[in-house]
Amino acid sequence: MIIESQLKQRPFILAAEGVNKSFAGFQAIRDLSFYMDEGELRTVIGPNGAGKTTFLDLITGRTKPDTGTIEFDAKHELSRMNEYEIYRLGIGRKFQTPTVYTDHTVFENLLMSLEGSRGVFASLFSKVNGQQKDRIHDILKTINLSEKAEWKAGALAHGQKQWLEIGMLLAQNARLLLVDEPAAGMTDEETHRTGELLLSLAGKHSIIVIEHDMVFIRQIAAGRKVTVLHQGSVLCEGAVEAVQSNEKVIEVYLGRKHAH
Ligand code: ADP
Ligand code: MG
């Protein structure tokens with residue numbers, strides 16, 4: 001017997017429709033529509049000023065759209081929620097500069113981010129239970145920092161801090177991870193390992209990565225969909241090879257030294 005839910009398509013984890021956003025008369029986001037399946041790892045590229053970061057700001061509630069809808073998990077209209085409510089839904093963001101507690105250990109940073117922990121500092125003074133410990137050790141393994149658990153976060157290399165921050169999103173139980181230019185400032189080796197980390201999280205989490213490092217994009221986007229933003233709208237979407245050879249995309253990047 002086929003039950004009704006099996007006939008329905010899986011809902012999008014994120015569906016933005018007709019989104020517009022202006023800043024003092026400058027239209028940063030223009031009739032933007034964007035759909036993403038649960039578990040997708042989606043790379044978003046586009047020249048500097050295309051609206052990529054603003055798009056993330058709109059998802060996290062940092063800024064509100066002028067018009068349009070942004071639906072999460074087919075249930076939650078994000079444009080009607082505040083930043084904290086959106087965070088509580090399981091939408092986590094990693095900024096370009098790591099925001100870890102440098103004077104606390106790697107372990108403590110993860111502990112403070114654990115879902116259900118009783119506030120940032122209270123969690124440091126309460127006893128850590130076995131379940132929390134197991135969870136933190138799982139995350140440490142995932143982010144390749146098991147050996148650095150007792151290190152002060154401030155002593156980590158740049159790349160390791162970024163992985164810790166991704167680990168903090170995992171500790172928060174984020175279902176949708178928003179990652180803005182993770183490869184910036186990383187060595188090639190760190191960049192590659194970041195790619196491996198994001199690939200290992202895909203499927204279990206939905207992830208939007210904004211990037212412009214083409215080697216990195218080819219690593220994480222192989223066999224997946226890439227979205228090109230330009231002047232606040234989707235210019236084109238498709239496989240990384242198709243996007244790279246798309247005439248409109250080439251035109252948009254032409255004459256620019258740095259394709260951000
Ligand atoms: P990208 O991340 O693709 O480089 P942004 O989303 O940062 O682009 O910016 C898109 C455009 O919107 C830019 O021209 C930027 O100057 C403008 N913008 C973004 N945020 C604001 C803001 N808070 N106030 C005014 N202008 C803004
Ligand atoms: Mg940006």
Side-chain angles (χ1 to χ4, degrees), residues 14-36 40-70 72 78-79 81-84 86-87 91-99 158-159 161-162 165-166 169 174 176-186 191 194-195 198 206-217 220-221 225-238 240 243-244 246 248-260:
L14 191 73
E17 276 176 352
V19 177
N20 286 282
K21 177 68 188 179
S22 293
F23 295 107
F26 176 81
Q27 197 162 1
I29 297 290
R30 190 184 304 263
D31 196 25
L32 176 70
S33 293
F34 179 97
Y35 305 91
M36 197 171 134
E40 237 195 294
L41 166 55
R42 178 77 65 90
T43 307
V44 175
I45 65 170
N48 207 6
K52 303 180 297 295
T53 299
T54 304
F55 179 44
L56 299 191
D57 290 342
L58 290 165
I59 297 170
T60 61
R62 196 180 210 199
T63 44
K64 293 282 155 204
D66 299 329
T67 59
T69 56
I70 307 174
F72 177 68
L78 302 181
S79 60
M81 301 172 72
N82 68 35
E83 270 188 285
Y84 183 66
I86 292 171
Y87 163 87
I91 299 181
R93 180 178 195 171
K94 212 203 88 37
F95 288 92
Q96 231 172 291
T97 351
T99 50
H158 174 73
K161 278 186 198 137
Q162 306 263 347
E165 225 193 344
I166 291 173
L169 299 182
L176 174 63
L177 275 58
L178 309 173
V179 188
D180 203 350
E181 302 197 12
M186 283 191 183
T191 301
T194 302
L198 292 172
S206 308
I207 312 171
I208 298 178
V209 182
I210 293 177
E211 250 308 329
H212 57 268
D213 178 328
M214 275 316 298
V215 176
F216 182 66
I217 291 166
I220 62 169
K225 201 188 272 180
V226 174
T227 299
V228 185
L229 277 194
H230 176 53
Q231 294 179 346
S233 305
V234 174
L235 182 71
C236 98
E237 237 169 29
V240 61
V243 158
Q244 270 191 292
N246 181 292
K248 287 186 289 182
V249 176
I250 294 168
E251 216 177 280
V252 159
Y253 277 103
L254 216 68
R256 289 174 192 269
K257 277 220 169 78
H258 302 286
H260 284 284

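Both ligands and their constituent atoms are indexed starting at 1 by order of listing.
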State whether the side chain of Lys52 and the backbone N or O of His230 hold a donor-acceptor pair below 3.5 Å, judged by distance alone.
no
Check for a donor-acceptor pair, side chain of Thr227 on one end and backbone N or O of Val44 on the other, with a separation under 3.5 Å.
no
Donor-acceptor pair, side chain of Asp66 and main chain of Ser22, under 3.5 angstrom:
yes
Can you list the ligand 1 atoms lying under 4.0 Å from a non-hydrogen atom of Thr54?
5 (P), 6 (O), 9 (O), 10 (C), 19 (C)
Within a distance under 4.0 Å of any heavy atom of Asn48, pick out the atoms of ligand 1 and give their elements.
4 (O)
Taking NZ, NE, NH1 and NH2 as the nitrogens, is one of them in Glu83 or Arg93 under 4.0 Å from a carboxylate oxygen of the other?
no
Would you indicate whether the side-chain heavy atoms of Leu229 and Phe34 approach each other to under 4.5 Å?
no
Can you tell me if Ser33 uses its side chain to pair, donor with acceptor, with the backbone of Gly18 under 3.5 Å?
yes
Any N/O pair Phe23/ligand 1 closer than 3.5 Å
no
Element-labelled atoms of ligand 1 that are located less than 4.0 Å from some non-hydrogen atom of Ala50:
1 (P), 3 (O), 8 (O)
Is there a polar contact between ligand 1 and Ala28, counting only N or O atoms under 3.5 Å apart?
no
Measure from atom 1 (P) of ligand 1 to every heavy atom in His212, Arg62, Lys52 and give the option owning the shortest one.
Lys52
Are Ile207 and Ile220 close enough that some pair of their side-chain heavy atoms sits under 4.5 Å apart?
no
Is it the case that ligand 1 has an N or O less than 3.5 angstrom from some N or O of Gly49?
yes
Examine all N, O or S atoms of Thr53, backbone included, and report whether one is under 2.8 Å from the Mg ion (ligand 2).
yes
Check each heavy atom of Phe26 against ligand 1 and say whether those closer than 4.0 Å belong to the side chain, the backbone, both or neither.
side chain
